[in-house]
Amino acid sequence: MVVNYEDKKLTQRYQLMAQTIIPRPIGWILTQNDEGVLNVAPFSYFMGLSSEPATMVVSIGHKSDGTPKDTLKNIRNNKLCTICMVDESSMQKMHFSSKEIPSHESEAVMFEIETQQIMDGFPPIIKDTPSAFFCTLYQEIDLANSKTIPLIVEIQYQYIDEKIIKNKEKLVLEYDPLLRVGKSYATLGEKITPPQIP
Ligand SMILES: Cc1cc2nc3c(=O)[nH]c(=O)nc-3n(C[C@H](O)[C@H](O)[C@H](O)COP(=O)(O)O)c2cc1C
C-alpha cells in the first residue's frame, strides 16, 4: 500500500508518522513566562540536529483554543528553555505534565514535579533527570500554513547526572531513556554492535 499524503488529513498523517518514525526521544521542556510561572511539558517531535552549531529541533503546536502552546509562547518571548531527558522513573509525572492547563498555572506545582535551579539565567532542571540541555532559541522555522512550529534551539550547557557517566575523561555516558512509540512508551532494547565495513 502506498499512501498519498495529499489525500490524508492532519490527524491521519500524524498517526502514520508517529507509528512509523519510531522510537522518538522525549524532551521534557521547562520554560518560564514574564511572571516567573514555570511551565513543564513533554515533546517527542524532538531530535538532535547538528553538533556545529550544537542544535536540536522541537516542533510545538497550538492549544485547543488555537493559541500557541505555553512552551512555544515562552521560548518565543525570552528565547530560553531547559530540555530534560526522561527515564522510566519519571514516566507518570512527565505524562501528566502534558495536560493542557492555563498559562498562569504551573504543571510543576499541579503534579508535584520537583525541580532544581542549577544554572543562572535558565529555567531549572527536573530533579531526577539523567541529563538536561540549557538552550537558547536559534531559529524558528516557517512551515507554510502549519500549526506546528519547528524551533531550532542551540545547546549552551549540558547537565549530566554523575550516575550516567561511565568514563568522565572520554565522555562516555550510558542511560536508558524513555521513548515514544505511537501513543505508547518504550525503553531501549538490546544494543547491537555495528559490523566492520569492508
Ligand atoms: C510524550 C508526549 C510527547 C508530546 N510531543 C509533542 C510534540 O512533539 N509537539 C507538541 O506540540 N505537543 C506534544 N505533546 C503534547 C504537549 O505535551 C501538550 O500539548 C502540552 O499541554 C503542552 O504544554 P504547554 O502548553 O504548557 O506548552 C506531547 C505529549 C506527550 C505526552
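Computation of the quantities below employed the complete heavy-atom set of this structure, encompassing side-chain atoms and omitting hydrogens, waters and symmetry-equivalent molecules. What you see is a predicted model; the values in this text were computed from it and never measured. In listed order, ligands and their atoms are each counted from 1.
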Just checking, is any N or O donor in the side chain of [X] or [Y] under 3.5 Å from an acceptor N or O on the other one?
| X | Y | result |
| --- | --- | --- |
| Lys73 | Ser103 | yes |
| Asn33 | Asp70 | no |
| Thr187 | Glu88 | no |
| Ser97 | Trp28 | yes |

May I ask you to identify, for Tyr185, whether its side chain, its backbone, both or neither come under 4.0 Å of ligand 1 on a heavy-atom basis?
side chain

Quick look: Arg180 vs ligand 1, heavy-atom contacts under 4.0 Å, and the answer is side chain

Distance under 4.0 Å to a non-hydrogen atom of Ile60: what atoms of ligand 1 satisfy this?
11 (O)

Does an N or O anywhere in [X] fall below 3.5 Å from an N or O of ligand 1?
| X | result |
| --- | --- |
| Gly61 | yes |
| Leu72 | no |
| Asn39 | yes |
| Ser59 | yes |
| Ser44 | yes |

Test: Lys63 and Asp65 ion pair at under 4.0 Å:
no

Salt bridge present between Lys93 and Glu114 (N-O < 4.0 angstrom):
no

For [atom], what's the nearest protein heavy atom and its distance?
| atom | value |
| --- | --- |
| atom 7 (C) of ligand 1 | Phe43 CD2, 3.5 Å |
| atom 8 (O) of ligand 1 | Tyr45 N, 2.8 Å |
| atom 21 (O) of ligand 1 | Ser98 O, 2.8 Å |
| atom 15 (C) of ligand 1 | Lys69 NZ, 3.6 Å |
| atom 25 (O) of ligand 1 | Asp70 N, 2.9 Å |
| atom 27 (O) of ligand 1 | Thr71 OG1, 2.5 Å |

Within 45° cone and under 6.0 Å: Arg24 NZ/CZ vs Tyr45 ring
no

For Lys8, is there any backbone N or O sitting under 3.5 Å from a side-chain donor or acceptor partner on Arg13?
yes

Report yes or no: does Thr55 contribute a side-chain atom to a donor-acceptor pair with the main-chain N or O of Pro53 at less than 3.5 Å?
yes

I'd like to know if Lys99 contacts ligand 1, where contact means a heavy-atom distance under 4.0 Å to any ligand atom.
yes

Ligand 1 contacted by Glu107 (non-hydrogen, < 4.0 Å):
yes

Quick one: closest heavy-atom pair of Glu107 and Ile113, and the distance?
O-CD1, 3.8 Å

Among Gln156, Glu154, Met56, which one satisfies side chain to side chain contact (heavy atoms under 4.5 Å, CB included) with Cys135?
Met56

So between Ser184, Ala41, Pro25, Pro42, whose heavy atom ends up nearest atom 16 (C) of ligand 1?
Pro42

